Enquirer: 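Pasting a structure below so you can have a look.
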Amino acid sequence: MSVEQLYQEIILDHYRVKRNAGLRDPYDVEVHHVNPSCGDELTLRVDVVDGTISDVSYDAQGCSISQASTSVMSDLVIGGSSEHALELFDGFQRMIQGQGKVSLDEETYGDAVAFEGVAQFPARVKCAMLGWSAMRDALLRVQAGVKEES
Amino acid sequence: MSVEQLYQEIILDHYRVKRNAGLRDPYDVEVHHVNPSCGDELTLRVDVVDGTISDVSYDAQGCSISQASTSVMSDLVIGGSSEHALELFDGFQRMIQGQGKVSLDEETYGDAVAFEGVAQFPARVKCAMLGWSAMRDALLRVQAGVKEES
Amino acid sequence: MSDLYDVEAVRREFPILARQIGAYPLTYLDSANTSQKPQAVVDAIADHYLSHNANVARAMHVLGAEATAAFEGARTAVADFIGASRSEEVVFTKNASEALNLAAHTLGSRLGPGDEVVVSVMEHHSNIVPWQLACERTGATLRWFDITDEGRLDIEGAVRDGLINSRTKVVSLTWVSNVLGTVNPVAQVAAMAHSVGAVMVVDGSQGVPQLPTDVADLGCDMLAFTGHKICGPTGIGVLWGSYDLLESLPPFLGGGEMIEVVRMTGSTYAPPPYRFEAGTQPIAQAVGLHAAIRYVSALGMDQIAAHEHDLTAYALEGMSHVRGLRILGPTEAVDRGGAISFTLDGVHPHDVMQLLDSRGVAIRGGHHCARPLHDRLGVQSSCRASVYLYTTHDEIDRLVEALDYTGAFFSGRLATTGGVR
Amino acid sequence: MSDLYDVEAVRREFPILARQIGAYPLTYLDSANTSQKPQAVVDAIADHYLSHNANVARAMHVLGAEATAAFEGARTAVADFIGASRSEEVVFTKNASEALNLAAHTLGSRLGPGDEVVVSVMEHHSNIVPWQLACERTGATLRWFDITDEGRLDIEGAVRDGLINSRTKVVSLTWVSNVLGTVNPVAQVAAMAHSVGAVMVVDGSQGVPQLPTDVADLGCDMLAFTGHKICGPTGIGVLWGSYDLLESLPPFLGGGEMIEVVRMTGSTYAPPPYRFEAGTQPIAQAVGLHAAIRYVSALGMDQIAAHEHDLTAYALEGMSHVRGLRILGPTEAVDRGGAISFTLDGVHPHDVMQLLDSRGVAIRGGHHCARPLHDRLGVQSSCRASVYLYTTHDEIDRLVEALDYTGAFFSGRLATTGGVR
Ligand SMILES: Cc1ncc(COP(=O)(O)O)c(C=O)c1O
Ligand SMILES: Cc1ncc(COP(=O)(O)O)c(C=O)c1O
């Protein structure tokens, strides 16, 4: 597994030009996630209107993998239902923890398939999951009716 | 070094028939020493009259080496001066910690030369020293004018 | 059972067992103190250092990823070995003593005056002193199970005295006694503890190496054990705890890797098990422990238990014929581990040990870090012979022979008759 | 100096350094994280397990005596190595973090509200969190030295602010920073501490492996360090303390071997160092540490320091030409150890680490267990390259080359021009 397969052009593109970056109003829930091993931090907001994710915005410090992954994720989930986003999360997590044995459906996942290489680098799995985990956490809080981060 | 050299007949004799065993009055100082690695315990009393050790008595729980060593020591120091007893201590300790390279003067040390074999068994050095250390401790307390064990 | 178990093949894996002590072959009967190590464990450690050494978690390069995979792989192997439901329930420590101190410190944070902690009089010092220190710090009271005259846990007496009651917050008990060999009814005591809402801690230092382990069957909330007694390296121990319990506890030692965010003004802590693992962990030792677990699992823990049971029965029977020998603890191999403590009339344990050693027989003399138990038994110290998976019947014969010789040597029978019995 | 130092001969003692990472030779520049181990250390550990393994102190048979002699011999070797006046001043722990926790717990027993503990903002988490926990337990206040813009200890500012004053009870400071490389004027700070009656603790985790050590010259009362950073095994650390200080302190962990007399109703404790060594010690690890000390002593600590100094200067110079690279800490090799932390414009440390790793260059990316220092420097994380006694000039060249490549890769320069600079 070469590092060039890890850093696909798609990933570098998202890293250089992040989609949906910057914190925006309105939002239902804001969460703050940390990767203690490297200190990466992410603040992420979601806004859900009638079961549809109307916005995901964020402020992130982190490596190319974590930032690009958050960027790709935001593009994928905005405009869809919460349920769909949580399903996407499950599939993405299965792939990334699959040590290269699980692949994603390109139709459904679009740019996220570029992260299949990350599954070969166990040390980077947490990086790729940071944004996704924050999104899942935020959606679960919305569903539970929690408005503020506890 | 064979175990028979460790357990000289002299040592076994003192172990079977301990000299000066049993606690007696009068005494100036009583001390209590413990060997934490095996739990051996020794209560020892000394009585000093005009600089001369008039009695050493003791109650001991311990192995043959520690009991015989205490017995031999008591025979050696009773009737002599405190200074002489402390000198005997120094010589005995040097020998026992000398890993077999130091020997004792038979004239001066009598039965105690039988313990030269112990110096080859580092694990038993503490056993052979228990009575001697207690005696030294007690004499130093007498010299310091301490009557009761602190 | 024991025809299937090829102890000679097992012994070939342990080079140290071929040693000569003077003119005698080594007869190592001190395995309850520490076990010997098979070649596979030593090789696994060497291979780790020579080919995969790096720090874990924090190092993300290839070597770091290899070392991390090896370390976390060891955690998973330990979890599987003891039937834990998640590998995050396995905390690595330096030995069983640190594991029990970790338990006492963190559970101690919940104690106060009026609360009670219960241990037993047969505990190893490592399962007494940490609780004494915790009680001193918090004002809680230490109480303990007594033993019966046969050397078993006195449950009846405990029930009569209301030992476990609404004030009880922690019960910490050894699974197998390192002196008496007694196997305690841990699940029963755990049920008593749970019925009053107390946490049940088990000292598995002797149990885990000897018996198949399943934390669910033991019914406990925490289980401590130590690597060096189960064919593993020194420098590593384990505290297993149910995840919900671990998650509710404060940190123990502070430092690198146990944190979430450190600010000069205050810090937050990582989830279990990392919260309890400060600083660089015993990485190569975890690799060695993994190899040890692989080794004993390949032999089969039930086979090992059967082999030990067989040898213990054989030793109890052989020793019963030695003049002046008194066994401390159960004299029948029922609910009994492979440690046999005893006294020999008129001969101090140090002297027994020394005489035996001169014939290559290695046993332990002293109070075996269980002074309160010796007090209770009315002896100042004792001898202990302990078998393990590599012990043979021949070795037991040599022990018995050497004990006969020792009795004769010190009673003077030897000098006069020239013979032994 | 460095013509006398035959680094190629040294490297032959470290089999792991011959590894290939993909198409590239391993370039291990993560020694501040953990050092590699020479064959002699690995062999000493294996030989111990295969020929002399037994528990210590408590086991008095031949194997027990051999293991005890090996373990206590290691203690004496450590004492000699750091210029301690008695071997009883050397306490073995599992790592430097446990050593610092031991210091914080036992010295913490003397702290109360109004008392102050002083550390510095450049400390490793292992020299911050234990003191935070001790202050929480006791109500004492934690204060800290700041750093200057060059990354050196701000003594002037400390004097101005009265940082060390009559309320100060403990000062705990790192000798060499694991991030900045700064060598702190420990003796000067110790004198300040002593002038107000405070105890001086030094974290020697980075200093002891790199510089000749003499506790009298350092002027401290306690010194902590860790085996795995000085060519020794994981699972062992050292706390040195002056005997009088150690003797005045209460126990830390409770258990076997740290006791004098245990009764169910209360216990008394052994003198130092045993009071602080509960349970079965890292015996084989002490043997390995002894072999490591023999190894570095044979090379000569002053030779090792000179070699590192030479390489650090060479690396600082080479790295100064990398586009967008900013060094954290002193940029000159004066009073400076062999750890060089840096950032690369627009590239996150994880990504730098990953790109370098793909070329066999192993460095660390993150906050290196020094988050408050990174906060202070205004960076979220950094990269760190660190040299040791086996590092070569070639390896530094490979680092610089790989850094150039990395900058180009992420800026897109690579794709367009096909070249690097
Ligand atoms: C300065 C410093 N202090 C303390 C430590 C902690 O050492 P250990 O992880 O071995 O406990 C380290 C290394 O990690 C260090 O660099
Ligand atoms: C029953 C029991 N508990 C605890 C311990 C302590 O184990 P360690 O010395 O490895 O900490 C031992 C062994 O020494 C033991 O036999």
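Keep in mind it's a predicted model, so treat the numbers as computed, not measured.
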Enquirer: For the backbone of C:Gly279 and the side chain of D:Ser126, can you confirm whether one donor and one acceptor N or O come within less than 3.5 Å of each other?
Expert: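 Not at all, since once roles are kept as given, no pair shorter than 3.5 Å links the two residues.
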
Enquirer: Does any part of the side chain of D:Cys369, heavy atoms only, come nearer than 4.5 Å to the side chain of C:Glu257, both counted from C-beta?
Expert: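 Yes - at least one pair of side-chain heavy atoms lies under 4.5 Å apart.
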
Enquirer: Carefully, step by step, assess D:Arg371 and C:Glu260 under the rule salt bridge (Lys or Arg N to Asp or Glu O under 4.0 Å).
Expert: CA-CA 10 Å; D:Arg371 194 183 178 282; C:Glu260 187 181 61; over 6 Å; no

Enquirer: For residues C:Glu136 and D:Tyr269, report the shortest heavy-atom separation together with the two atoms involved.
Expert: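 Looking at all heavy atoms of both residues, the shortest contact is OE2-OH, 4.4 Å.
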
Enquirer: Pick from C:Gly266, C:Ala18, C:Ala46: which one has the most heavy-atom pairs with chain D under 4.5 Å?
Expert: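 Of the candidates given, the most pairs with chain D belong to C:Gly266.
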
Enquirer: Heavy-atom distances under 4.5 Å only: say whether C:Asn53 touches chain D with side chain, backbone, both or neither.
Expert: both

Enquirer: If I measure from the heavy atoms of chain C, does D:Ser205 come under 4.5 Å with its side chain, its backbone, both, or neither?
Expert: neither

Enquirer: Is D:Leu253 close to chain C through its backbone or its side chain, or both, or neither, when contacts mean heavy atoms under 4.5 Å?
Expert: both

Enquirer: At a heavy-atom separation under 4.5 Å, does C:Leu26 approach chain D through its side chain, its backbone, both, or neither?
Expert: side chain

Enquirer: Between C:Ile16 and D:Tyr49, is there a side-chain heavy-atom distance shorter than 4.5 Å?
Expert: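 Sidechains of C:Ile16 and D:Tyr49: no contact.
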
Enquirer: With chain D as the partner, which of C:Ser51, C:Ala134, C:Ala284, C:Ala286 has the greatest number of non-hydrogen pairs under 4.5 Å?
Expert: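 Option with the greatest count: C:Ser51.
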
Enquirer: Of the non-hydrogen atoms in D:Pro130 and C:Gly255, which two are nearest, and what is the gap between them?
Expert: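 Heavy-atom minimum between the residues: CD-N, 4.5 Å.
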
Enquirer: Counting heavy-atom pairs closer than 4.5 Å to chain C, which one of D:Pro233, D:Gly360, D:Gly237, D:Ser358 comes out on top?
Expert: D:Pro233

Enquirer: For chain C, find which of D:Ala370, D:Ser97, D:Ala96 contributes the most heavy-atom pairs closer than 4.5 angstrom.
Expert: D:Ser97

Enquirer: Quick one: are D:Lys94 and C:Glu98 in side-chain contact, heavy atoms under 4.5 Å?
Expert: yes

Enquirer: Need one label for D:Val41: side chain, backbone, both or neither, based on atoms under 4.5 Å from any heavy atom in chain C.
Expert: neither

Enquirer: How about D:His228 and C:Ile283: do any of their side-chain heavy atoms sit closer than 4.5 Å?
Expert: no

Enquirer: If you round to the nearest 0.5 Å, how far is CE of C:Met60 from CD of D:Gln354?
Expert: 9.0 Å

Enquirer: Taking salt bridge (charged side-chain N to carboxylate O under 4.0 Å, His left out) as the definition, give me every residue that meets it alongside C:Glu13, ordered by chain and number, with sequence neighbours left out.
Expert: none

Enquirer: Is it the side chain or the backbone of C:Ser35 that comes within 4.5 Å of chain D heavy atoms, both, or neither?
Expert: backbone

Enquirer: Against chain D, work out which of C:Thr226, C:Asn101, C:Thr34 has the most heavy-atom pairs shorter than 4.5 Å and name it.
Expert: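 Most heavy-atom pairs under 4.5 Å with chain D: C:Asn101.
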
Enquirer: Let's test your reading of the structure: which of D:Asn95, D:Ile45, D:Ile259 forms the most heavy-atom pairs below 4.5 Å with chain C?
Expert: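 Most pairs with chain C among the choices: D:Asn95.
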
Enquirer: Ignoring hydrogens, what is the shortest heavy-atom contact between C:Ile363 and D:His61? Give both atom names and the distance.
Expert: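 Of all heavy-atom pairs spanning C:Ile363 and D:His61, the closest is O-CD2, 3.3 Å.
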
Enquirer: Would the distance check show the side chain of D:Asn55 and the main-chain N or O of C:Ala32 forming a donor-acceptor pair, the cut-off being under 3.5 Å?
Expert: no

Enquirer: Where does D:His368 contact chain C at under 4.5 Å (heavy atoms): side chain, backbone, both or neither?
Expert: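 It is neither, since no heavy atom gets under 4.5 Å.
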
Enquirer: How close do D:Leu50 and C:Lys37 get, heavy atom to heavy atom, and via which atoms?
Expert: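 Closest pair (atom of D:Leu50, atom of C:Lys37, distance): CD2-O, 4.3 Å.
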
Enquirer: Under a 4.5 Å cut-off applied to non-hydrogen side-chain atoms, are C:Gln285 and D:Gln285 in contact?
Expert: yes

Enquirer: With a 4.5 angstrom heavy-atom cut-off, is it the side chain or the backbone of C:Gln132 that approaches chain D, or both, or neither?
Expert: side chain

Enquirer: Hey, are the side chains of C:Asp30 and D:Leu63 touching, using non-hydrogen atoms and a 4.5 Å cut-off?
Expert: no

Enquirer: Tell me, side chain or backbone of C:Val361 under 4.5 Å from chain D's heavy atoms, or both, or neither?
Expert: neither

Enquirer: Given a strict heavy-atom distance threshold of 4.5 Å, which part of D:Glu277 is in contact with chain C: side chain, backbone, both, or neither?
Expert: neither

Enquirer: Quick one: what part of C:Leu133 sits under 4.5 Å from any heavy atom of chain D, side chain, backbone, both or neither?
Expert: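 Side chain only.
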
Enquirer: So which residue, C:Met264, C:Arg376, C:Glu123, ends up with the most heavy-atom pairs under 4.5 Å with chain D?
Expert: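 The option with the most such pairs is C:Met264.
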
Enquirer: With no hydrogens and no angle check, just 3.5 Å: does a side-chain donor-acceptor pair link C:Thr234 and D:Gln281?
Expert: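 No, no side-chain donor-acceptor pair sits under 3.5 Å.
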
Enquirer: Is any side-chain heavy atom of D:Val129 closer than 4.5 Å to a side-chain heavy atom of C:Val262?
Expert: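 Result yes, sub-4.5 Å side-chain heavy-atom pair found.
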
Enquirer: So which part of C:Ile21 gets closer than 4.5 Å to some heavy atom of chain D, the side chain, the backbone, both or neither?
Expert: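 Side chain of C:Ile21 only, per the 4.5 Å heavy-atom cut-off to chain D.
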
Enquirer: Quick check on C:Val42 against chain D: is it the side chain, the backbone, both or neither that has a heavy atom closer than 4.5 Å?
Expert: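 For C:Val42, the side chain is the part near chain D, not the backbone.
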
Enquirer: Check each atom of C:Arg263 against the heavy atoms of chain D and say whether the ones under 4.5 Å are side chain, backbone, both or neither.
Expert: both

Enquirer: Are any of the side-chain heavy atoms of D:Arg19 and C:Val62 separated by less than 4.5 Å?
Expert: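 A side-chain contact exists here, since the closest heavy-atom pair is under 4.5 Å.
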
